[in-house]
Amino acid sequence: MVRPVEEQFAILTRGAAQLETADELKRKLAKSVATGVPLRVKYGIDPTGFDVHLGHTVPLRKLRQFQELGHTAVLIIGTATAQVGDPSGRDDSRVGLTPEQIDANAASYLTQIAKVVDVTKAEVRPNGEWFRHFDFASMLKLLGSMTMQRMLERDDFSKRLKSNTPIYLHECLYPLMQGHDSVEIRADVELGGTEQLFNLMVGRNLQRDAKQEPQVAFTMPILRGLDGEKKMGKSLANYVGLAETPREQFGKTMRIPDGLMREWFTLLTSREPGEIDAILAGKPNEAKKLLGADIVAGYHGPAAATQVLDDWRKQFEVGGDPDVIPEVTIPAGELVDGAIPAAKLLALAGLVKSNGEGRRKCDEGAFNFGPDRAKPADFKAAVTVTDGLILRLGRAIIRVRLG
RNA sequence: GGGUAGAUGGCAGAGCGGUCAAAUGCACCAGACUGUAAAUCUGGCCUCUCACGAGUACGGGGGUUCGAAUCCCUCUCUACCCA
């Protein structure tokens with residue numbers, strides 16, 4: 001049942017960015033195989049917002065691989081660290097959250113993470129568990145384990161220092177807290193994005209201080225977002241969320257730059273490198289559809305992927321309407337003689353943010369409705385609204401329900 | 001503790017008493033072209049209004065003025081220099 005060391009090592013290091021150190025991982029794997037004791041693989045996530053996105057799944061997928069090989073996933077929910085805010089990869093400081101927000105977010109995260117990792121088999125540990133009782137003497141000891149110089153060496157801080165962006169003292173606490181988590185749970189491996197390297201290395205040091213065998217710092221590449229440039233992030237609006245509908249996930253994927261496909265295939269699907277080469281050698285458009293379908297299949301199942309692909313063809317290749325159309329309910333009371341002025345209708349349907357934008361879009365000829373794709377004469381032209389009417393604005397399409 | 005310079009729309013960054021809902025760039029939305037890619041061209045990008053127009057908005061508060069993003073006071077925050 002247990003796979004041999006070399007095989008495990010080969011599977012695990014695929015797609016990895018950097019390991020500190022690869023030899024240590026091999027040794028730990030060998031020991032695990034010999035003793036039958038699974039490795040404890042840590043991954044921490046701070047409950048700072050609601051949407052878990054594809055960027056998070058890169059290390060999470062790796063975590064699942066560890067699980068599949070029989071190792072123990074230890075998910076740290078950063079209930080304590082979320083109050084500090086991770087300075088990694090930030091060029092400004094984060095705002096601390098209230099305990100209530102943190103609890104709500106934590107619950108939501110777990111359900112979302114469950115789509116990638118087997119949460120039922122994982123050890124889930126909020127780090128408030130130990131930090132809640134952390135006394136001042138322990139804090140002093142923790143702070144005494146690192147020098148200011150080393151803290152300032154880290155990339156994020158040195159950049160902010162140079163650009164005169166504030167660095168708050170409590171932010172320096174973050175890596176130490178994360179490192180201490182590793183001591184608490186006796187981690188063998190800690191997963192993270194490459195921007196986590198500093199934090200992961202701190203964990204190694206603290207473990208050494210605590211006379212533990214240091215964890216392997218295992219970093220995965222950072223996934224770039226829809227723009228193809230910046231890191232996928234919740235604050236950048238360039239992400240695909242795990243909780244989004246198949247249509248949204250697929251649509252967003254279709255809009256990524258072609259050059260991003262290899263990265264996404266590699267980090268987000270289980271396709272083999274040779275297979276990816278073959279796919280990318282073909283038509284880019286076909287490759288991208290496949291990528292989108294792969295992603296949708298992972299979070300909504302194969303049937304949803306087939307459906308969304310079919311719908312895409314209907315809407316954009318044939319020029320018809322998809323089978324699955326999002327719906328919006330408009331109060332029947334808004335109708336005057338069974339109709340609503342075009343601009344207002346767009347706003348009510350949520351296709352535009354304001355009546356003014358609705359007017360502009362009508363003027364631009366971006367709006368049409370119904371089976372014959374009629375366009376209103378102008379933005380105040382009354383559009384007869386019946387239950388089930390289809391509205392189209394650009395690539396958006398929505399079905400109106402009267403309520 | 002003392003001094004200096006700053007705080008403008010999602011971001012960057014002009015404006016420095018009326019002609020400012022605020023140049024320009026990026027981002028974003030739509031149209032043409034297309035593969036919901038790239039490139040290119042066009043239009044748009046605070047809210048309400050058919051429109052005239054009105055209301056909000058240039059860190060918070062107060063003041064001067066017929067009139068302030070622009071001047072003064074004060075508060076908050078930031079950077080830099082000195083201690």
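Naming: A, B, ... by sequence-line order, numbering from 1 per chain.
In this model, the phosphate group of C29(B) is approached by a side-chain N or O of Arg395(A) to a distance below 4.0 Å at OP1 or OP2. For the pair Thr253(A) and U36(B), the criterion of a side-chain N or O lying under 4.0 Å from OP1 or OP2 is not met. Within the 4.0 Å cut-off from OP1 or OP2 of U49(B), at least one side-chain nitrogen or oxygen of Asn355(A) is found.
Residue-environment remark: CG (Asp135(A)) exceeds the threshold of 12 foreign heavy atoms within 6.0 Å.
At a threshold of 4.0 angstrom between heavy atoms, the contacts of Lys252(A) with the nucleic acid are absent. When heavy atoms are screened at a 4.0 angstrom cut-off, Gly251(A) is found touching base atoms of the nucleic acid. At the heavy-atom level, Pro284(A) lies under 4.0 Å from base atoms of the strands shown. Within the nucleic acid shown, Leu260(A) has no heavy atom closer than 4.0 Å to any nucleic acid atom. In this structure, Lys361(A) reaches the bases: a heavy-atom distance under 4.0 Å links it to at least one base atom across the strands shown.
Remark: C1' of C48(B) and CZ of Arg360(A) are 12 Å apart, rounded to the nearest angstrom. Note: CE (Met261(A)) to P (U36(B)) measures 13 Å, nearest angstrom. As a whole-Å value, the separation of Phe316(A) CZ from G35(B) P is 13 Å. If you measure from atom CD of Gln249(A) to atom C1' of U36(B), you get 16 Å, rounded to the nearest angstrom. Atom-to-atom, CD of Glu357(A) to C1' of C28(B) comes out at 10 Å; the value is rounded to the nearest Å. Nucleotide C11(B) holds its P atom 13 Å from the NZ atom of Lys230(A), rounded to whole Å.
A cation-pi geometry, defined here as NZ or CZ lying under 6.0 Å from the six-membered ring centre and within 45° of its normal, does not hold between Lys361(A) and Phe367(A).
When only modelled atom types and interatomic distance are considered, Glu190(A) and Ser182(A) share a side-chain donor-acceptor pair under 3.5 Å. No hydrogens or angles considered: a donor-acceptor pair under 3.5 Å links the side chains of Gln196(A) and Asn199(A).
Taking every side-chain heavy atom of Ser354(A) into account, C48(B) is the closest of A30(B), C45(B), C48(B). Picking from C29(B), G35(B), G31(B) the nucleotide with the shortest atom distance to the side chain of Asp258(A) gives G35(B). The listed nucleotides are U47(B), G31(B), C29(B); the one nearest the side chain of Arg255(A) is C29(B).
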Short N/O separations, protein against nucleotides 52-56 of chain B, under 3.5 angstrom:
none

### Task
Could you give me the CA-CA distance, side-chain angles and deciding distance for Asp258(A) and Lys288(A), then say whether salt bridge (Lys or Arg N to Asp or Glu O under 4.0 Å) is met?
CA-CA 8 Å; Asp258(A) 289 357; Lys288(A) 207 177 282 178; 2.7 Å; yes

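Ring centers of Tyr43(A) and Phe218(A): at least 6.0 Å apart, outside the cut-off.
Arg359(A) contributes a side-chain N or O that forms a donor-acceptor pair with the base of U49(B) under 3.5 Å. No donor-acceptor contact under 3.5 Å links the side chain of Glu364(A) to the base of G44(B).
When all heavy atoms of Val116(A) and Leu242(A) are compared, the closest pair comes out as CG2-CD1, 4.1 Å.
Between Leu268(A) and Leu223(A), the closest side-chain pair of non-hydrogen atoms falls below 4.5 Å.
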